[in-house]
Colleague: 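Handing you a structure now.
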Amino acid sequence: MDEEFATVGPPSLETLALASRAVEAIVMVSTDPVPDVVLAQVTELPVLTIRAICEELAAGYEDQNRGFELKEIAGGWRYQSHGELAEYVERYVREGQVARLSGAALETLAIIAYKQPISRAQASAIRGVNVDGVLRTLEQRGYVEEVARDPGPGQAILFGTTTMFLERLGLASTKDLPPLGEFVPSAAMVEALEDTLRVEEPPLSEDRSSDGNT
Amino acid sequence: MDEEFATVGPPSLETLALASRAVEAIVMVSTDPVPDVVLAQVTELPVLTIRAICEELAAGYEDQNRGFELKEIAGGWRYQSHGELAEYVERYVREGQVARLSGAALETLAIIAYKQPISRAQASAIRGVNVDGVLRTLEQRGYVEEVARDPGPGQAILFGTTTMFLERLGLASTKDLPPLGEFVPSAAMVEALEDTLRVEEPPLSEDRSSDGNT
Amino acid sequence: MMSFVEQGPLTKPVLSKPALETEPAAPVAGASEVTYKVQTETFEGPFDLLLHLILREEVELYEINLSEIVDAYLVEIEQMDLCDLETATEFLLIAATLVELKVRRLMPVDDEFDLDAELGLWEERDLLLARLLECKTFKDAAKTLDGMMDIAALVVPRRAGLEDRFLDISPDLLAGMTGVKLRRAFLRIASAKPALPSVSLLHVTDIKASVADALEELTSSLPTSGRVSFRALTHGLTDKLEVVVRFLAVLELYKQGYVDIEQPGVFGELTVEWMAGELYADEALDGADLYEG
């Protein structure tokens, strides 16, 4: 509690309460564990303060006997189901979930299959919605993977389908996917594919202004 | 004995506490909203009990000023960031902004939402313009879809809104749309419009004065 | 004088966005002085335009002169680039109704007025009014939906999904997946082909009168009558949509080169002339099969 804070002085109670809520919100919606440095950046608080907040939150969930926990895993904080409820989660996974791809997942998979290598941003632009979560599921399942990096600024990850995916569909290679025939990509799609190659910005670098996109 | 108890009498406090944790765990690991029937199935409790549990959890998070909330959206329960933390979440979440719908698309979407199932022709008739292009956009975005065929001759495709539409609006179901009656122009405006488009007094009949309809 | 500062529909304070359209406009000297600033917005259809014209001086709604609205409407239409036949038809139909209303107000009714025509005009007007109200209703509903989307966009759902430890037991998501299904999904999301210009009859499917029927009638009567005005062709038709259907049938015949259409000027009387001789009447019908079903 009595931490040494940077020159500015200790943050007020209100600041801490707000930061605590912000941490909850961010970790809740993140698909990957969130490093404390990132949380510190977003809340503009010292890393040590963030760590204290996270630990207090985690302890609070444990005290309240929540069904989830906040854990630091693989260099970041994430929510996960509590081990004691594994039995229920397993039952849910086995029985509750419909055993097929959601429409969103199917469409994203189709876009990646036919347009690979393709960046997350391009796939999002074509679908018109953020595909982060869906992409993570597909990656988790081993249907798609990172196949390259965009040579342009930002070096966006480019995704493609896996050999496992091809095997499961009984295809020798992506060339054996049913041809699209006389399909002509719409202007919107062409634009989405072209644009995002340039627009995808490196999250932290600042020199993007030099590389003005036309 | 225990089984009988579970189905006949009210569930014990321990059962409820465990179920509450199970609900938290399951919703936490799900990528899509979890319908209460699924939660009921997994916990082997009546749907009504599950709904009460979810509502209590949601109220608890709110009371505790959590940065996340439990909400019923598009027919299921899901965790989501609290709107008050939007600023922080935005700072963290990459792009993902969904393109805004044009006025034309919005109006067509409103017509479909309130008049579903509705054919392309009927929607065009209401708008006074062809809605083909707009409808295609809405379909692509996943907001509307074919839900049925008109049984009459021609078997026109009938459109309705999707669960993604509900998610975009933050609604549990289409029943939660604000009633269309709220949007019907006020009596004063109707009168004024009528007045503007008035036909001069009819030359013959006197019985027109009170009744505006023929 | 009525004022419309309060607008009924937007009763949910949280959801309502500033109702720009209904804010009292800057005071206008008088309705008679309305000048027509050329609007650069695009109007989504004839009702949209008409509503805009009527409501833009909402405070003065009762003072607004129909004739000014009609003039403004015609000005707008003239400036429009109406390449979509269907839309153009809608605009013109409403313009016609408006002009008729205006004429009825300006001109004293002469002795030989036609009661049927008079009743027809009222009916047209009621229909127009009903459709304007419907348009306004959905316009306001759309605004609220937009506001709801804005609010909903403030929250982000959790999509992290299953933890690794549960992956082994989770069901096979590719079960039943085939290349063909994948292709279908891809085409669904990616194939937004621009609409080809065509005479679409979508908005007439709901009524009994079909273009095929109208074509049949026209091809049986036109070859013998030679030149005839469109007004005469639609004489006795009470339903506006029937007139539209008749109009579209004429256009179809024109497109196929069976008739010629003459119009002395904007909104002038249309004259239809059969050009193909009697022998080809049946062919014209055959060519119209694209409207079936």
Side-chain angles (χ1 to χ4, degrees), chain A residues 17-30 34 38-39 41-43 57 60 64-68 79-82 84-89 91-93 95-97 102-105 107 120-121 124-134 136-137 186 188 196 199-201 203, chain B residues 17-32 34-35 37-44 57 60-61 64-69 79-99 101 136-138 140-143 145 162-164 167-168:
Chain A
L18 184 61
S20 176
R21 299 186 76 198
V23 166
E24 286 187 314
I26 291 168
V27 176
M28 185 58 81
V29 304
S30 173
V34 191
V38 173
L39 292 171
Q41 231 175 342
V42 174
T43 55
L57 280 174
Q64 293 181 6
N65 252 316
R66 295 281 169 208
F68 54 81
Y79 283 110
Q80 59 185 37
S81 61
H82 197 292
E84 287 169 15
L85 287 315
E87 179 199 334
Y88 290 95
V89 175
R91 207 184 292 171
Y92 165 67
V93 172
E95 304 168 12
Q97 227 179 24
S102 69
E107 282 162 12
R120 204 190 299 257
S124 292
I126 292 172
R127 286 219 56 230
V129 291
N130 186 315
V131 298
D132 282 12
V134 167
R136 190 182 122 95
T137 306
S186 67
T196 48
V199 171
E200 176 128 353
E201 293 158 353
Chain B
L18 184 62
S20 175
R21 300 185 73 200
V23 166
E24 287 186 313
I26 292 168
V27 176
M28 192 60 83
V29 301
S30 178
T31 43
D32 296 301
V34 190
V37 270
V38 172
L39 292 170
Q41 194 187 334
V42 174
T43 56
E44 292 173 347
L57 280 173
Y61 299 144
Q64 295 180 8
N65 251 317
R66 296 282 170 208
F68 53 81
E69 47 188 13
Y79 280 113
Q80 61 187 30
S81 61
H82 197 293
E84 287 168 13
L85 286 315
E87 183 196 338
Y88 295 95
V89 174
E90 240 167 64
R91 235 183 269 175
Y92 169 72
V93 180
R94 144 195 40 239
E95 37 94 35
Q97 276 72 323
V98 190
L101 289 175
R136 211 177 296 115
T137 305
L138 292 174
Q140 263 189 326
R141 286 287 153 89
Y143 297 156
E145 63 188 352
T162 62
T163 50
M164 191 192 282
E167 285 195 53
R168 255 324 279 290

Colleague: Would you confirm whether B:T162, through its side chain, and B:E145, through its main-chain N or O, come within 3.5 Å as a donor-acceptor pair?
Modeller: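 Between the backbone of B:E145 and the side chain of B:T162 there is no qualifying donor-acceptor contact (under 3.5 Å).
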
Colleague: Under a 4.5 Å heavy-atom cutoff, which of B:M28, B:H82, B:E69 has the most pairs with chain A?
Modeller: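 Highest number of pairs under 4.5 Å: B:M28.
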
Colleague: Could you state the interatomic distance from CG (B:L101) to OG1 (B:T137), rounded to the nearest 0.5 Å?
Modeller: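 These two atoms lie 8.5 Å from each other.
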
Colleague: What part of B:V23 is in contact with chain A, defined as an atom under 4.5 angstrom from a non-hydrogen atom: side chain, backbone, both or neither?
Modeller: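 Contact with chain A involves no heavy atom of B:V23 at all.
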
Colleague: Chain B heavy atoms under 4.5 Å from A:V42: which part of the residue, side chain, backbone, both or neither?
Modeller: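 Contact with chain B: backbone and side chain both.
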
Colleague: Should the pair B:F68 and A:Y79 be assigned to parallel (<30°), tilted (30 to 60°) or perpendicular (>60°) ring geometry?
Modeller: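 If you compare the ring of B:F68 with that of A:Y79, the planes turn out perpendicular.
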
Colleague: What distance do B:R168 atom CZ and B:R141 atom CZ have between them, rounded to the nearest 0.5 Å?
Modeller: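 So the CZ of B:R168 and the CZ of B:R141 are separated by 8.5 Å.
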
Colleague: Heavy-atom distance under 4.5 Å to chain A: side chain of B:E87, backbone, both or neither?
Modeller: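 Neither part.
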
Colleague: Pick one of side chain, backbone, both or neither for A:E107, based on which atoms fall under 4.5 Å of a heavy atom in chain B.
Modeller: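 Contact with chain B is absent: no heavy atom of A:E107 under 4.5 Å.
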
Colleague: Please state whether the side chain, the backbone, both or neither of A:I126 comes within less than 4.5 Å of a heavy atom of chain B.
Modeller: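 When you check distances to chain B, no heavy atom of A:I126 falls under 4.5 Å.
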
Colleague: Could you state the interatomic distance from CG (B:L85) to CD1 (A:I26), rounded to the nearest 0.5 Å?
Modeller: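 Answer for the CG-CD1 pair, B:L85 versus A:I26, is 7.5 Å.
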
Colleague: Could you look at A:S30 and say if it's the side chain, the backbone, both or neither that has a heavy atom under 4.5 Å from chain B?
Modeller: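 Answer is both: backbone and side chain atoms of A:S30 are under 4.5 Å from chain B.
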
Colleague: Distance from A:Y88 atom OH to B:E24 atom CD, nearest 0.5 Å?
Modeller: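 Output value for this atom pair is 13.5 Å.
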
Colleague: Contact part of B:E84 toward chain A, heavy-atom cut-off under 4.5 Å: side chain, backbone, both or neither?
Modeller: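 Contact with chain A: side chain only.
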
Colleague: Name the member of B:S81, B:A19, B:P35, B:A25 that forms the most heavy-atom pairs with chain A at distances under 4.5 Å.
Modeller: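 Top option by heavy-atom pairs under 4.5 Å: B:A25.
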
Colleague: Is B:L39 in contact with chain A via its backbone, its side chain, both, or neither, using a 4.5 Å heavy-atom distance?
Modeller: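 It is neither, since no heavy atom gets under 4.5 Å.
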
Colleague: Report yes or no: does A:R21 contribute a side-chain atom to a donor-acceptor pair with the main-chain N or O of B:N65 at less than 3.5 Å?
Modeller: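 Yes, A:R21 side chain to B:N65 backbone: donor-acceptor pair under 3.5 Å.
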
